Participant: 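One structure follows; several queries about it will come next.
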Amino acid sequence: MITIDNLYKTYDTGIVKVEALREVSLTVGEGEFIAVMGPSGSGKSTLMNILGLLDRPTDGAYLLDGVDTRNLDEDQLAGLRNQKIGFVFQNFNLLPRLNSQRNVELPMLYAGVKNGERQARALEALEKVGLLSHRAHLPNELSGGQKQRVAIARAMVNRPSLLLADEPTGNLDSRSSFEIMALFQELHRQGSTIILVTHEPEIGRHAERIVYFRDGRLVKSENVDPPLDARQLLDEWLEQKEDSNEV
Amino acid sequence: MKFREMLAVALEGLRVNKLRSALTMLGMIIGVMFVIIIVTMGQSLNKQVEQEVEGLGANSFTLVPIANDNGQQGKLTLDDCRLLESSIDSIEFVVPFKYLTNTAVFETVRNKKNNMLIGTSPDYMKVSGLGFVEGRFFNNAENQIGRRVIVIDQNLAEELFGKGNTAVGKTLRVNHIPFQVCGVTKPEAAVMGMQQSLTCIPVKTLMGMADDEKVQQAVIKVKSKEHLESATKQSVAILELRHAVKEGYIAQTNEQMMEEFSSILTVITSVFGALAGVALLVGGIGIMNIMLVSVTERTREIGVRAAMGARRRDILMQFLVEAAVISALGGSIGMLLGIGIGAVISLALNMPVIVSFGTMLAAFAFSSAIGIVFGLYPANRAARLNPIDALRYE
Ligand SMILES: Nc1ncnc2c1ncn2[C@@H]1O[C@H](COP(=O)(O)OP(=O)(O)O)[C@@H](O)[C@H]1O
Ligand SMILES: [Mg+2]
């Protein structure tokens with residue numbers, strides 16, 4: 001579903017040229033769950049922005065569902081972002097003045113979904129992430145983990161084929177991180193294609209495959225067999241906690 | 001995105017920042033308020049003069065002696081008035097108007113007032129439509145022998161004789177000369193904002209108090225509309241011959257006077273309206289300023305919306321509608337205030353209160369347009385943001 005071929009991204013700051021991506025080629029099949037790892041500054045976010053059609057590569061091809069994205073104009077890119085891509089950010093990026101439900105409705109607003117259906121689908125998505133009861137809360141009334149769950153509901157509500165998550169657990173405690181990973185794994189089981197950036201090895205091992213970046217190059221790709229089960233880890237972790245509380 | 005949704009998004013943006021939205025609106029409120037006050041006052045004045053000119057009666061024209069280009073002065077006397085009345089068949093009657101150059105002093109034991117003084121004939125009643133609170137206008141006999149009788153209006157009567165007291169039959173002094181009040185009229189609306197009472201005495205009597213025989217103007221009533229033009233020409237011709245002066249008179253029908261006044265008023269209203277329009281311009285710049293701040297502040301929001309699939313025109317419309325709503329709302333508030341204040345001023349000046357639907361509609365449309373014009377630049381800036389730069393913005 002994703003084919004990138006010999007991708008380059010060069011940032012020209014005027015003083016220096018930074019080659020954030022070089023010679024990157026990668027194929028991601030339908031329904032895959034991939035983790036992207038690598039040290040800070042290795043080009044992971046740059047790759048995600050290009051995959052998310054928020055930015056264009058300096059050179060190289062990017063085919064999304066067989067469509068060559070090089071020839072698309074701004075509006076077409078916006079349409080694809082709306083229909084095919086769901087974003088989850090490290091800093092959540094919820095609109096601070098909209099409550100959970102309105103935040104989740106956002107992608108449908110730009111998809112032209114009618115008011116009634118929009119509300120129904122937003123509530124349904126919130127229910128899936130276990131936050132139906134928090135539909136009227138503003139982002140600053142939610143914990144980090146809850147914010148990220150709202151963000152995931154928002155990313156999934158237009159039923160995109162590709163979910164892009166750039167360090168989604170970067171700002172979360174371990175419990176919330178497991179909850180988020182459990183959600184991703186659930187979405188993956190239901191058929192979503194997920195690409196997740198992380199620098200935590202344990203988080204990365206929830207994916208089926210890990211690709212490693214260094215200095216803008218894709219240096220290694222390895223399969224995880226079997227991936228960690230976040231739900232199971234979460235349960236074990238909770239049990240441990242209870243035990244230690246009893247002592 | 002549908003317009004209704006865009007409106008909802010824009011309103012959400014405004015609701016979140018109520019104080020700022022209100023302050024931004026202030027410029028529009030004040031600008032539109034002044035424009036509306038000026039326009040409605042202009043309309044009110046126009047209406048007022050229209051009523052007054054109509055009060056002079058249909059099928060009549062006003063004759064005023066003037067100086068021609070060679071400096072020769074046209075003359076008008078009581079004899080001239082009588083001559084026109086008797087020599088031109090189509091003329092029914094001629095009402096002379098004589099004023100003192102200065103205001104006269106009106107005096108009773110109770111009070112003392114300065115006011116203009118008019119000398120005229122009883123025929124004035126036939127063209128003026130004056131209403132009486134008590135008493136009557138002076139009659140022909142009183143006019144011919146130059147009796148010292150006076151008609152004053154209710155406002156002056158109250159000042160000179162006290163509220164609720166009868167004035168008719170009582171005596172007041174005009175420039176130290178005693179006059180007997182024979183009638184009290186309902187107050188007329190103020191002419192051009194002059195707070196003066198209407199006071200009439202027989203023109204013959206006024207001749208005795210003045211240094212000259214000049215009559216400043218005459219209102220001439222003809223038998224029917226068809227005679228208006230010929231009577232006007234004949235009158236001017238007779239007077240020019242009699243006083244050996246060319247182009248020493250203007251004779252205008254009420255309609256002509258009204259048209260002339262209207263056109264002058266339109267110019268005045270336009271000039272003041274344009275000045276008030278500058279306030280609107282300032283309001284528009286205020287909107288632009290705040291929208292630019294808002295765009296910068298919400299850069300990240302714009303990035304998020306772009307990531308969610310907002311197209312450039314969606315972002316553009318969001319900010320444009322927001323600007324238009326601010327200015328249209330401010331414009332509407334200013335319009336209501338302007339109408340209210342205009343009405344209060346009109347009432348205070350005894351002028352007709354005018355609420356024009358056309359003006360309201362124009363104010364609304366114009367203020368929305370200002371929002372769109374001045375919102376365009378900030379909105380365009382928002383729409384041109386690169387999604388990834390916007391998302392990264394701290
Ligand atoms: N907008 C930009 N302008 C200039 N350099 C950039 C920009 N974005 C990223 N870079 C540079 O590109 C490289 C890769 O950055 P990034 O993709 O954010 O790395 P990662 O997400 O792996 O930490 C870094 O050296 C970074 O400084
Ligand atoms: Mg990064």
Side-chain angles (χ1 to χ4, degrees), chain A residues 9 11 20 45-57 72-99 102-115 118 138-139 151 154-158 160 164 166, chain B residues 1-21 290 293-322 325-326 379-394:
Chain A
K9 177 70 187 184
Y11 291 111
S45 294
T46 304
L47 176 74
M48 293 297 264
N49 293 335
I50 291 172
L51 291 179
L53 302 172
L54 290 169
D55 209 353
R56 292 175 191 263
L72 302 177
D73 65 24
E74 294 287 334
D75 279 2
Q76 289 170 317
L77 291 178
L80 284 183
R81 285 197 296 269
N82 184 246
Q83 291 299 312
K84 299 211 164 191
I85 296 165
F87 289 94
V88 178
F89 305 93
Q90 177 174 2
N91 57 1
F92 321 120
N93 271 335
L94 298 176
L95 297 195
R97 286 122 179 198
L98 302 187
N99 66 26
R102 306 283 285 138
N103 261 293
V104 175
E105 283 182 30
L106 215 54
M108 293 186 285
L109 203 63
Y110 297 108
V113 178
K114 286 212 180 67
N115 196 18
R118 210 165 63 214
L138 290 174
R154 181 178 68 178
M156 296 311 296
V157 78
N158 260 356
L164 298 174
D166 192 348
Chain B
M1 213 184 353
K2 300 209 181 55
F3 183 75
R4 209 162 53 91
E5 266 130 33
M6 257 174 304
L7 198 67
V9 170
L11 286 177
E12 221 152 40
L14 295 178
R15 200 170 41 227
V16 163
N17 225 325
K18 286 192 195 82
L19 180 65
R20 180 193 289 177
S21 308
I290 292 294
V293 172
S294 174
V295 167
T296 308
E297 235 181 43
R298 287 151 73 186
T299 302
R300 183 84 79 86
E301 172 186 333
I302 294 164
V304 172
R305 287 181 187 272
M308 300 297 123
R311 290 158 306 175
R312 291 201 151 160
R313 63 168 165 277
D314 294 325
I315 303 288
L316 183 89
M317 284 307 280
Q318 178 186 340
F319 285 93
L320 214 50
V321 171
E322 212 176 290
V325 166
I326 288 187
N380 201 35
R381 240 164 85 152
R384 302 202 77 78
L385 282 173
N386 184 341
I388 190 64
D389 293 341
L391 262 178
R392 279 225 201 84
Y393 185 84
E394 290 300 326

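All chains are named by letter (A, B, ...) in the order of the sequence lines, taking the proteins before the strands, and each is independently numbered beginning at 1. This structure is a prediction, so every number in the text was calculated from the model and none was measured.
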Participant: Roughly how far, to the nearest 0.5 Å, is the CD1 atom of B/Ile388 from the CG atom of A/Asn49?
Facilitator: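 Separation between the atoms: 3.0 Å.
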Participant: Of B/Asp389, B/Leu391, B/Asn386, which meets side chain to side chain contact (heavy atoms under 4.5 Å, CB included) against A/Leu54?
Facilitator: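 With A/Leu54 as partner, side chain to side chain contact (heavy atoms under 4.5 Å, CB included) holds for just one option, B/Leu391.
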Participant: List the residues meeting salt bridge (Lys or Arg N to Asp or Glu O under 4.0 Å) with B/Glu322, not counting sequence neighbours, and say none if there are none.
Facilitator: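 With sequence neighbours excluded, B/Glu322 shows a salt bridge (Lys or Arg N to Asp or Glu O under 4.0 Å) to B/Arg298, given in chain and number order.
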Participant: Looking at A/Asn103, A/Leu109, A/Leu95, A/Leu106, which hits side chain to side chain contact (heavy atoms under 4.5 Å, CB included) with B/Met308?
Facilitator: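 Filter result, single survivor: A/Leu106.
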Participant: What part of A/Arg56 lies closer than 4.5 angstrom to a heavy atom of chain B: side chain, backbone, both or neither?
Facilitator: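 Neither part.
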Participant: Less than 4.5 Å to any heavy atom of chain B: does that hold for the side chain of A/Leu77, its backbone, both, or neither?
Facilitator: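 For A/Leu77, there is no contact with chain B at all, as no heavy atom is under 4.5 Å.
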Participant: With chain B as the partner chain, list the residues of residues 81-91 of chain A whose heavy atoms fall under 4.5 Å from it, by residue number, and write 'none' if nothing qualifies.
Facilitator: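 Contacts with chain B: A/Arg81, A/Asn82, A/Phe87, A/Phe89, A/Asn91.
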Participant: Find the one option among A/Gly52, A/Pro160, A/Pro107, A/Ser45 whose heavy-atom pairs under 4.5 Å with chain B are most numerous.
Facilitator: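 Looking at each option in turn, the highest pair count goes to A/Pro107.
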Participant: Go through the atoms of B/Arg15 and report whether side chain, backbone, both or neither lie under 4.5 Å from a heavy atom of chain A.
Facilitator: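 Neither; nothing under 4.5 Å.
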Participant: Please report the interatomic distance CG(A/Asn93) to CZ(B/Arg300), rounded to the nearest 0.5 Å.
Facilitator: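 One gets 5.0 Å once the value is rounded to the nearest 0.5 Å.
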Participant: Where is the tightest heavy-atom contact between A/Asp75 and B/Arg313, given as atom of each residue plus distance?
Facilitator: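 Closest approach of A/Asp75 to B/Arg313: OD2-NH1, 3.0 Å.
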Participant: Which heavy atom of B/Ala310 sits nearest to which heavy atom of A/Ala78, and what is that distance?
Facilitator: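 Looking at all heavy atoms of both residues, the closest pair is O-CB, 3.7 Å.
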